[in-house]
Number of protein chains: 2
Amino acid sequence: MPPSRSATMADVARLAGVSVATVSRTLSGTRSVDPAMQRKVTEAAERLGYRVNLVGRALRQTRTSTVGLVVPDLDNPYFSALAQQLSRAFSDPGIDLLVFSADGSLETEARGVRSFLGRQVDALVLIPVHEQLSEPSVTAAAAAVHTIQLDRRVQGTAASYVGVSNRAGMQLVREHVAAAVDVSRQPVVYVGATPDSSSAHERLDGMRQYFSPDVPVLLGDFSAAWGREAAARILADGWTGATIVTAADVIALGVLAHLLHEGRSVPDEFRVVGFDGIGAAALAHPSLTTVRQPVEEMARSIRSLVESDDEPSSRWFKPDIVFGATSPAAP
Amino acid sequence: MPPSRSATMADVARLAGVSVATVSRTLSGTRSVDPAMQRKVTEAAERLGYRVNLVGRALRQTRTSTVGLVVPDLDNPYFSALAQQLSRAFSDPGIDLLVFSADGSLETEARGVRSFLGRQVDALVLIPVHEQLSEPSVTAAAAAVHTIQLDRRVQGTAASYVGVSNRAGMQLVREHVAAAVDVSRQPVVYVGATPDSSSAHERLDGMRQYFSPDVPVLLGDFSAAWGREAAARILADGWTGATIVTAADVIALGVLAHLLHEGRSVPDEFRVVGFDGIGAAALAHPSLTTVRQPVEEMARSIRSLVESDDEPSSRWFKPDIVFGATSPAAP
DNA sequence: CTGTTAGCGCATTCAC
DNA sequence: GTGAATGCGCTAACAG
């Protein structure tokens, strides 16, 4: 069990017979200290099992060397991939990335933002849950600290944005379909997500722009369960031979699972296209054709935004298309 | 851009014409305050956009209402599922769960533990990277704060443990194989992970105990890439018709992807069994037979351990087996 | 190079 | 029910 009180710098100073300032300077290496004293301090700290209290340090300084990340949830593998890449990107410069899951709820998202702001993080990265309703959280964050929206955004806030051009992604899908699919016999259906996040919104718009304003659309959420349900509806509605474009890999995997479960063939009868480029896309059988987001570059971009705190700015990355077997490059 | 200095309680007090103590009592609701003053304080706080500085609060109090979670990585969907469930479990009692990814590295894991201890978290949940080499981190954590090892553990530390009985899981697999597989024609091969984490260790031991000490074994890491490679080796070595038991769903998915890619049939020619019960197991085609861990219950168990800080204790949950199509319940 | 001092923002005594 | 004062642990200014 924890000792009643853990050692403080004053304890170390007392044991080493020096001042607290010397202890501070020695342990944080912020100034040169006489080697003899250094040894005494290090030894004393070691003996007492001293560990710096970051709360005290944070209160004194302005910086905390901490960046907060608020994600809608960690079940979606695209979000956890982003979290993982960001952790890695910030590990190098010695910044702690702390992740908070909003669990799909606006209230919890707001709590996460308040929590990180209260902890005096140096910057906040946020994947907003909702295109409009997350606005208070984004605005509050941006007013207090350098805030970067990732993947999804709320418009008209003083926050930076890093994401992919969703329309460009849909354009890639359009080009692929034009080249490899006979749309007269294999009509396109879009299985998307309700446009209450900017990514869902932009992907839907992209579909309408690059395919047709009247493209058949089924809207649900970013989940495999929704993909399955949508596939069931497509089968029930007699959409045989459809080319199914989806708003996310998790949806596409659900669609694929249901089609195969029902004994339908992919890509012969149906074709399926995902979006995001998560690892599981390559693992599916047949492997998933998908629009891949450059997650690693996006993470690095965020790091550089945080390091040079310039004016808020936005950066759209170009996705690319990865051909799998659910919709092969050649017909 | 952030204002040069954000409002403090002193600012609120000044504007409201009261003392900082009254502001504190009003905003934290810790004591009854005259309603009139309450209004003045609330208004002033509102006007100044006051938000409590949790760093100051944490320094003053002992508790932070924060629990830290250090995971080996967030790419493994089992870990991100645990993180998600824990977030949810702690959301209710108003405790912030903060997640730190060790990115597979002992040094980063140590950094995560130091970071959380320095932040004065109320408790620390840790999925240790290594069965032996993570010992210093676990010990350091347990000496400072209530520490709960999750899923994997380092033995002989003063930390609690919550996890599943891995041997019992393998016993379930054994019973399933005994009932549904003709092992003379469909011999069992284990695709496991190098036993440097307790889960890899215990699952390997379980295989040897419930199948045979001489069960053929291939060891790698907890990744789909390893699963693919192992499957390739199994094919190259002419293990036709094997029943492939794996140490994790991600491995099993890799095995399955490779087998199907090579045109082999599952479950007719090969059977595949996973471990963990992640969502993607049900999404695979054929769906994966797997040993499911009761993640939600485990998360609740951890919450109750944190809430009642008794002596360190351990709790092993019983897994169950979920039959998919990669190894059907009946032959 | 070292020590003394002040104060970061807050919750909690202790007086009233 | 309220206010003044104290100190949580630390680092940065300032003297020496």
Side-chain angles (χ1 to χ4, degrees), chain A residues 3-42 44-45 48-66 114-115 117-122 144, chain B residues 3-42 44-45 48-66 114-115 117-122 144:
Chain A
S4 44
R5 197 181 64 89
S6 61
T8 172
M9 276 198 177
D11 300 326
V12 176
R14 204 172 305 120
L15 182 60
V18 299
S19 75
V20 288
T22 302
V23 175
S24 172
R25 298 195 263 248
T26 301
L27 298 178
S28 61
T30 187
R31 253 175 146 79
S32 58
V33 176
D34 182 273
M37 294 203 142
Q38 232 174 83
R39 269 200 332 110
K40 288 201 293 186
V41 169
T42 315
L48 294 174
Y50 173 79
R51 259 183 306 280
V52 64
N53 183 325
L54 296 175
V55 174
R57 173 180 290 176
L59 187 58
R60 184 57 175 82
Q61 304 183 137
T62 311
R63 293 177 15 263
T64 52
S65 295
T66 305
R114 272 199 305 275
S115 171
L117 295 185
R119 289 168 206 277
Q120 313 297 106
V121 294
D122 295 344
Chain B
S4 44
R5 199 180 63 88
S6 61
T8 172
M9 277 198 176
D11 300 327
V12 177
R14 203 171 307 121
L15 183 60
V18 299
S19 74
V20 287
T22 301
V23 175
S24 172
R25 297 195 260 251
T26 301
L27 298 179
S28 60
T30 186
R31 249 176 148 78
S32 59
V33 176
D34 182 276
M37 294 204 143
Q38 233 175 82
R39 268 201 333 109
K40 286 200 296 184
V41 169
T42 315
L48 294 174
Y50 173 79
R51 258 183 308 278
V52 64
N53 183 326
L54 297 176
V55 174
R57 173 181 290 177
L59 188 59
R60 184 59 176 82
Q61 301 183 136
T62 312
R63 296 184 6 271
T64 52
S65 295
T66 306
R114 273 200 305 276
S115 171
L117 295 185
R119 289 167 204 278
Q120 313 297 104
V121 293
D122 295 345

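Numbers restart at 1 for each chain; the letters A, B, ... are given by sequence-line order, proteins then strands.
Comparing A:Asn53 and B:Ser19 against DNA chain D, the residue whose closest nucleotide sits nearer the 5' end is B:Ser19. Residue order along DNA chain C, read from the 5' end via each residue's closest nucleotide, puts A:Met37 first among A:Met37 and A:Val20. Nearer the 5' end of DNA chain D, as judged by each residue's closest nucleotide, is the contact made by B:Pro35, out of B:Pro35 and A:Ser24.
Between B:Tyr50 and B:Val23 there is no side-chain heavy-atom pair separated by less than 4.5 Å.
Of the candidates C:dT2, D:dG9, C:dT12, C:dT12 carries the atom nearest the B:Gln61 side chain, counting heavy atoms from C-beta on. The side chain of A:Asp34 lies closest to C:dT2, out of D:dA12, C:dT2, D:dC10. Of the listed nucleotides (D:dG7, C:dT2, D:dG3), C:dT2 has the atom at the smallest distance from the side chain of A:Arg31.
A:Thr64 places no side-chain N or O within 3.5 Å of a backbone atom of A:Ala58 that could act as its donor or acceptor partner.
Atoms CG and CG, from A:Asn53 and B:Leu59 in turn, are 6.5 Å apart once rounded to the nearest 0.5 Å.
Using a 4.0 Å heavy-atom cutoff across all strands shown, A:Val33 reaches sugar-phosphate atoms only and no base atom. Using a 4.0 Å heavy-atom cutoff across all strands shown, A:Thr8 reaches sugar-phosphate atoms only and no base atom.
Considering A:Val18, A:Val33, A:Val12 as possible partners of A:Thr26, the one that fulfils the side chain to side chain contact (heavy atoms under 4.5 Å, CB included) test is A:Val33.
Summarising the geometry, the separation between CE on B:Met9 and P on D:dT6 is reported as 20 Å, rounded to the nearest angstrom. Atom-to-atom, CG of A:Leu59 to P of C:dA11 comes out at 12 Å; the value is rounded to the nearest Å. Atom CZ in A:Arg57 sits about 8 Å away from atom C1' in D:dC10, given to the nearest Å. One can place CG of A:Asp11 at 13 Å from C1' of D:dC8, the figure rounded to the nearest angstrom. A straight line from CG of B:Leu54 to P of D:dC8 spans 21 Å, rounded to a whole angstrom. Note: CD (A:Gln120) to C1' (D:dT11) measures 16 Å, nearest angstrom. Rounded to a whole Å, the CZ atom of B:Arg14 is 11 Å from the P atom of C:dG9. With rounding to whole Å, B:Lys40 atom NZ is found 12 Å from D:dT2 atom C1'.
Between the side chains of B:Ser28 and B:Arg57, no donor N or O sits under 3.5 Å from an acceptor N or O.
Evaluation of atom-type donor-acceptor distances gives a pair under 3.5 Å for the side chain of B:Arg25 against the base of D:dG3.
Contact check, A:Thr22 against C:dG3: a side-chain N or O comes under 4.0 Å of OP1 or OP2.
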